[in-house]
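Working notes for the structure below.
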2 protein chains.
Amino acid sequence: MALNTKEQLLEVGLSMLLKHGYNDLGIQALLEATGVPKGSFYHHFGSKEDFALQVVDRYMQEVHQGLEAALQDQTLQPLDRARRFFELSREKYRQDGHLGCMLGALGQELSGVNPTFARKIENCFSVVTRHIAECLEEARQQGQLAPDADPVELANLLLNCWEGAALRSRLLRDPAPLDRMLDFYFAAATRDA
Amino acid sequence: MALNTKEQLLEVGLSMLLKHGYNDLGIQALLEATGVPKGSFYHHFGSKEDFALQVVDRYMQEVHQGLEAALQDQTLQPLDRARRFFELSREKYRQDGHLGCMLGALGQELSGVNPTFARKIENCFSVVTRHIAECLEEARQQGQLAPDADPVELANLLLNCWEGAALRSRLLRDPAPLDRMLDFYFAAATRDA
DNA sequence: TCTCCTAGACCGACCGGTCTATTCAGAATA
DNA sequence: TATTCTGAATAGACCGGTCGGTCTAGGAGA
């Protein structure tokens with residue numbers, strides 16, 4: 001049952017962390033929600049911070065699933081693959097109740113005081129942009145983007161703007177800002193291809 | 001001294017809130033930093049939440065100063081006025097140690113559980129976009145933007161993307177994402193004017 | 001004196017984390 | 001196969017510290 005218990009803590013912890021953020025999530029509340037006793041929690045995790053970092057890892061597993069599903073889809077043009085990834089993310093946000101992106105939320109909450117988390121989240125962003133940049137480079141080679149376009153910078157822009165739209169979507173509990181942002185970005189990026 | 005005490009709490013509270021966020025900011029720490037006794041705090045503020053909401057009001061006063069300084073500058077073209085506002089904001093972030101925008105940080109941290117804050121922050125964003133939209137409408141009329149451009153939507157896009165860049169800037173303690181985002185946005189917005 | 005504000009001791013609740021006892025599946029031994 | 005052994009996992013009482021908030025007393029200006 002050990003694996004199940006840990007998995008359950010991570011899974012329920014993921015949704016609670018998304019809603020409450022880090023500091024507003026009490027261990028006790030998590031244990032009550034899962035029915036897991038405290039001893040088990042501290043058997044599997046060294047501390048609350050360790051736990052949260054592992055939740056982020058789990059979150060990133062899902063992100064990578066989305067990246068793979070979208071960016072490896074050979075039936076789409078490279079640029080459409082990139083857009084597809086964010087549309088998949090939008091659907092995930094919808095399932096979670098329009099709470100936006102956990103990386104953005106934890107990044108904002110913790111990066112002012114906790115360098116470990118700041119590095120962790122920035123590293124996650126950097127990994128995602130790397131994949132997207134590869135995809136955009138392919139788009140550039142196929143003429144979907146201007147020949148002098150910088151895929152790495154374009155990928156960072158895309159992700160950053162997405163995170164801003166995700167914040168607004170969280171505030172409004174409405175996915176509309178996400179779509180508006182994608183429309184604007186892809187129209188702008190392709191205009192002078 | 002009453003006014004001074006309250007002002008001091010708001011001012012020091014502003015910088016501490018920016019760095020720590022809401023839940024990680026203890027009343028006690030604020031009182032130690034200001035030398036104000038607890039009784040005074042609860043004389044001026046009904047609760048921690050009330051205090052934080054007033055800090056946001058104070059933050060918005062500064063935002064409005066920036067809006068006025070930039071958007072009323074008749075020596076600039078309308079579109080340059082809008083850009084100027086964000087450049088002023090960027091300079092403010094720099095002074096604060098590249099911690100980004102307090103609205104974005106509090107919005108991310110609290111909007112999952114606290115509807116009062118969610119509404120408050122969303123309202124702040126909405127007020128800012130309204131001013132920017134007016135400015136963009138002027139730009140449209142002067143031919144700096146396409147005749148069929150939607151100033152309200154463009155203003156929301158601009159602010160949302162800015163907030164995303166501000167998050168990344170906070171993570172990296174580096175203003176570069178802010179400038180990249182402005183370059184991209186204004187190039188895109190003006191291209192088909 | 002009356003009102004506003006300062007002053008800080010004090011409160012119960014809750015926080016993250018520790019500790020010890022117990023359970024239990026499976027390896028080891030015969 | 002029956003028994004013992006062992007370590008991982010469960011279980012929750014318990015800890016000191018800190019949290020936001022209350023209360024009462026004192027001081028200052030009208």
Side-chain angles (χ1 to χ4, degrees), chain A residues 1-58 105-106 109-117 120, chain B residues 1-58 105-106 109-117 120:
Chain A
M1 285 301 134
L3 216 150
N4 276 351
T5 298
K6 185 171 183 180
E7 273 299 299
Q8 196 194 0
L9 286 169
L10 288 172
E11 184 162 330
V12 175
L14 178 56
S15 70
M16 293 184 78
L17 214 51
L18 186 59
K19 178 177 181 184
H20 289 268
Y22 182 81
N23 286 305
D24 190 50
L25 172 60
I27 304 282
Q28 184 118 346
L30 173 68
L31 300 180
E32 281 166 15
T34 52
V36 168
K38 202 167 247 192
S40 301
F41 179 90
Y42 280 99
H43 171 76
H44 292 291
F45 304 102
S47 65
K48 183 187 179 185
E49 178 172 322
D50 173 40
F51 166 72
L53 289 168
Q54 291 196 43
V55 169
V56 171
D57 285 334
R58 195 196 159 86
L106 292 181
E109 180 183 358
L110 298 172
S111 62
V113 270
N114 189 321
T116 303
F117 264 100
K120 177 85 177 181
Chain B
M1 285 303 135
L3 215 150
N4 277 351
T5 298
K6 184 171 183 179
E7 273 300 298
Q8 197 194 358
L9 286 170
L10 288 173
E11 185 162 329
V12 175
L14 179 55
S15 70
M16 294 184 77
L17 214 50
L18 186 58
K19 180 177 179 185
H20 290 268
Y22 182 80
N23 286 305
D24 190 50
L25 172 59
I27 304 284
Q28 184 121 341
L30 172 68
L31 300 178
E32 280 167 15
T34 53
V36 169
K38 203 168 245 193
S40 302
F41 179 91
Y42 279 98
H43 172 75
H44 293 291
F45 304 101
S47 65
K48 182 186 179 185
E49 178 171 321
D50 173 40
F51 166 73
L53 289 168
Q54 290 196 42
V55 169
V56 171
D57 285 335
R58 194 196 161 86
L106 292 182
E109 179 183 0
L110 298 173
S111 61
V113 270
N114 190 321
T116 304
F117 263 100
K120 177 86 175 180

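Listed by chain and number, the residues in a side-chain hydrogen bond (donor to acceptor under 3.5 Å, both in side chains) with A/Lys120 are A/Asp57 (sequence neighbours excluded). For A/Tyr42, the side-chain contact (heavy atoms from CB on, under 4.5 Å) test picks out A/Ile27, A/Lys38, with sequence neighbours left out. Residues passing the salt bridge (charged side-chain N to carboxylate O under 4.0 Å, His left out) test with B/Glu11, sequence neighbours excluded: B/Arg58. In this structure A/Phe117 satisfies the ring pair (Phe, Tyr, Trp, His ring centres under 6.0 Å) test together with A/Tyr22, sequence neighbours excluded. Not counting sequence neighbours, the partners of A/Asp24 by the side-chain contact (heavy atoms from CB on, under 4.5 Å) test are A/His20, B/Asn23, B/Val113. Partners of A/Glu49 by side-chain hydrogen bond (donor to acceptor under 3.5 Å, both in side chains), not counting sequence neighbours, listed by chain and number: A/Asn114. Shown here are the side-chain contact (heavy atoms from CB on, under 4.5 Å) partners of B/Ala33, two or more places apart in sequence or in another chain: B/Val12, B/Met16.
Listed nucleotides: D/dT10, C/dG8, C/dC5. Nearest to the side chain of B/His44: C/dC5.
Atom CG in B/Asp24 sits about 9 Å away from atom P in D/dC19, given to the nearest Å. Going from atom NE2 of B/His43 over to atom P of D/dC23 covers 16 Å, rounded to whole Å. Rounding to whole angstrom units, CG of residue B/Leu30 and C1' of D/dC19 are separated by 14 Å. Rounded to an integer number of Å, the gap from A/Leu31 CG to D/dT10 P is 12 Å.
The C1' atoms of five pairs define one axis at each end of the helix from C/dT1-D/dA30 to C/dA30-D/dT1, and these two axes lie 10° apart (to 10°).
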Quiz item: Should A/His44 and A/Gln54 be marked as a side-chain contact (heavy atoms from CB on, under 4.5 Å) after you check the CA-CA gap, both sets of side-chain angles, and the distance that decides it?
Solution: CA-CA 11 Å; A/His44 292 291; A/Gln54 291 196 43; over 6 Å; no
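Listed here is the closest heavy atom pair of A/Phe51 and A/Leu10: CE1-CD2, 4.2 Å.
Using a 4.0 Å cutoff on non-hydrogen atoms, no part of residues 109-116 of chain B comes near DNA chain D.
OP1 or OP2 of D/dA9 has not a single side-chain nitrogen or oxygen of A/Thr5 nearer than 4.0 Å.
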Using the 3.5 Å cut-off, write out each protein N or O paired with an N or O of nucleotides 15-22 of chain C and the distance between them.
from, atom 1, to, atom 2, distance (Å)
C/dG16, OP1, A/Leu25, O, 3.3
C/dG16, OP1, A/Lys48, NZ, 2.8
C/dG16, OP2, A/Ile27, N, 2.9
C/dG16, N7, A/Lys38, NZ, 3.4
C/dG17, OP2, A/Tyr42, OH, 2.9
C/dG17, OP2, A/Lys48, N, 2.8
C/dG17, N7, A/Lys38, NZ, 3.0
C/dG17, O6, A/Lys38, NZ, 2.5

What are the atom names and distances for every N/O pair under 3.5 Å that joins the protein to nucleotides 24-30 of chain D?
none

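B/Leu31 has its side chain out of reach of B/Gln28: every pair of non-hydrogen atoms, C-beta onward, lies at least 4.5 Å apart.
A/Thr116 OG1 to A/Asp50 CG: the interatomic distance, rounded to the nearest 0.5 Å, is 11.0 Å.
Just one of A/Val36, A/Val55, A/Leu14, A/Asn4 meets the side chain to side chain contact (heavy atoms under 4.5 Å, CB included) condition when paired with A/Leu9; it is A/Val36.
In the displayed structure, A/Lys48 atom NZ is contacted under 6.0 Å by more than 12 heavy atoms of other residues, nucleotides or ligands.
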